[in-house]
Amino acid sequence: LLQIGFVPSQRTMAFAVVLSALGVVAGMMVLSSGDASQEAQGGFVDATFSGSGETLRLEVARTRDEIRTGLMNRSELQVDGMLFVMPREETQRFWMKNTLIALDMIFLDSQHRIVNIEKAYPPESGTPDSELKRYSSEEPAKYVVELEMNRTEELGIEKRDRLSWD
C-alpha cells in the first residue's frame, strides 16, 4: 500500500471549503436566473406557421410532468394550443387519455418543419389504456403542437410548413 506524505494545512483546507461554497452559490445563481427567465415567459410563446402567417399563442410543455399531463381534463383551450418540446428528436407517440377536446396533432422535426398532422379524437369514457389509439409522427419529430381540431384547415397549415416562435 502506497501512502502519500502530503497533509493539507488548515489554511489549505479552509481555502478549499471557501472555493467549494463559491461554486455551489454560483451554480444556484445560474439555475435561479434560468428559472426566472422561464417564469417571465409565463410558459407561453407566440408562434407563426409559414404557410398561413397566422400567429398563435401556445402554452409550452417542457418538463416530463408537463408533457405527460398535456391537455388532459381540460374542457376548453385557454389559448390557441400547446407546444410540446420533447427531449429528443425521434418518433413521437401520443394518446388522448383523459383528453376531452378533439385535436389536430402537428408533428415537427428539429428544424421546425411539419412532418405530419393527425386528427385526434377523445376516447369514449372508460376506455382501457391498452385500447387507446396512438398518434405517431411519420418521421422523427422534436416538437408537437396540439390545436383545436380543424384549425389546421382553417389556417391553411400543411405538411412541410415551418413553425417559428419567440
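As the structure is a prediction and not an experimental result, all values here were calculated from the model.
If you check the side chains of Glu118 and Asn116, you find a donor sitting under 3.5 Å from an acceptor. Under 3.5 Å, the side chains of Thr48 and Ser164 contain no donor-acceptor pair of N or O atoms.
For Arg134 against Leu132, the heavy-atom pair with the smallest separation is NH1-O, 2.6 Å. Minimum interatomic distance between Phe84 and Glu66 (heavy atoms only, all atoms of both residues): CE2-O, 4.4 Å. Contact detail for Leu58 and Met82: the closest heavy-atom pair is CD2-N, 4.0 Å.
The distance from atom CG of Leu100 to atom CG of Asn98, rounded to the nearest 0.5 Å, is 7.5 Å. Note that CD1 of Ile117 is 13.0 Å distant from CZ of Arg151, once rounded to the nearest 0.5 Å. Atom-to-atom distance recorded for Phe94:CZ and Ser137:OG is 9.0 Å, nearest 0.5 angstrom. Between the CG atom of Leu155 and the OG1 atom of Thr152 there is a distance of 8.0 Å, given to the nearest 0.5 Å. Within the model, atoms OG of Ser75 and CD1 of Ile101 stand 6.5 Å from one another, a figure rounded to the nearest 0.5 Å. Rounded to the nearest 0.5 Å, atoms NZ (Lys142) and OG (Ser110) are 8.5 Å apart.
Contact annotation: the side chain of Arg93 approaches that of Thr91 to within less than 4.5 Å [non-hydrogen atoms, C-beta and beyond]. With contacts defined as side-chain heavy-atom distances shorter than 4.5 Å, the pair Phe49/Thr55 does not qualify. The side-chain heavy atoms of Leu83 and Glu59, taken from C-beta on, include no pair separated by under 4.5 Å. In this structure, the side chains of Val85 and Arg62 come closer than 4.5 Å at one or more pairs of heavy atoms. The closest side-chain heavy-atom distance from Glu90 to Gln92 is below 4.5 Å. Looking only at side-chain heavy atoms (C-beta outward), Val115 and Leu108 stay at 4.5 Å or farther from each other. With a 4.5 Å cut-off on side-chain heavy atoms, Leu77 and Leu71 count as touching. A 4.5 Å side-chain heavy-atom check between Ile157 and Ile114 finds at least one atom pair inside the cut-off.
Between the side chain of Thr127 and the backbone N or O of Pro123, no donor-acceptor pair lies under 3.5 Å. Without hydrogens or angle criteria, Thr99 side chain to Lys97 main chain gives a donor-acceptor distance under 3.5 Å. Checking side-chain atoms of Asp166 against main-chain N and O of Asp46 turns up a donor-acceptor pair under 3.5 Å.
Looking at Glu139 and Arg160, a side-chain N of the basic residue comes within less than 4.0 Å of a carboxylate O on the acidic one, giving a salt bridge. Ion pair Arg57/Asp80 not flagged as a salt bridge, since none of the NZ, NE, NH1 or NH2 atoms sits closer than 4.0 Å to an Asp/Glu carboxylate oxygen. The residues Glu153 and Lys119 are annotated as salt-bridged, a charged nitrogen and a carboxylate oxygen being separated by less than 4.0 angstrom.
Relative orientation of the His112 and Trp165 rings is parallel, given thresholds of 30° and 60° on the angle between their planes.
Separation of the Tyr143 and Phe107 ring centroids does not fall under the 6.0 Å cut-off.
Under a hydrophobic-cluster definition in which Ile, Leu, Val, Met, Phe, Trp and Tyr are linked whenever side-chain heavy atoms come within less than 4.5 Å, directly or via other members, Leu147 and Met149 are assigned to different clusters.
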- Query: Can Met96 and Leu103 be said to form a side chain to side chain contact (heavy atoms under 4.5 Å, CB included), step by step?
  - Reply: CA-CA 9 Å; Met96 295 285 286; Leu103 300 169; 4.0 Å; yes
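Stacking of Lys133 on the aromatic ring of Tyr135 is recorded, both the 6.0 Å distance cut-off and the 45° axial limit being met.
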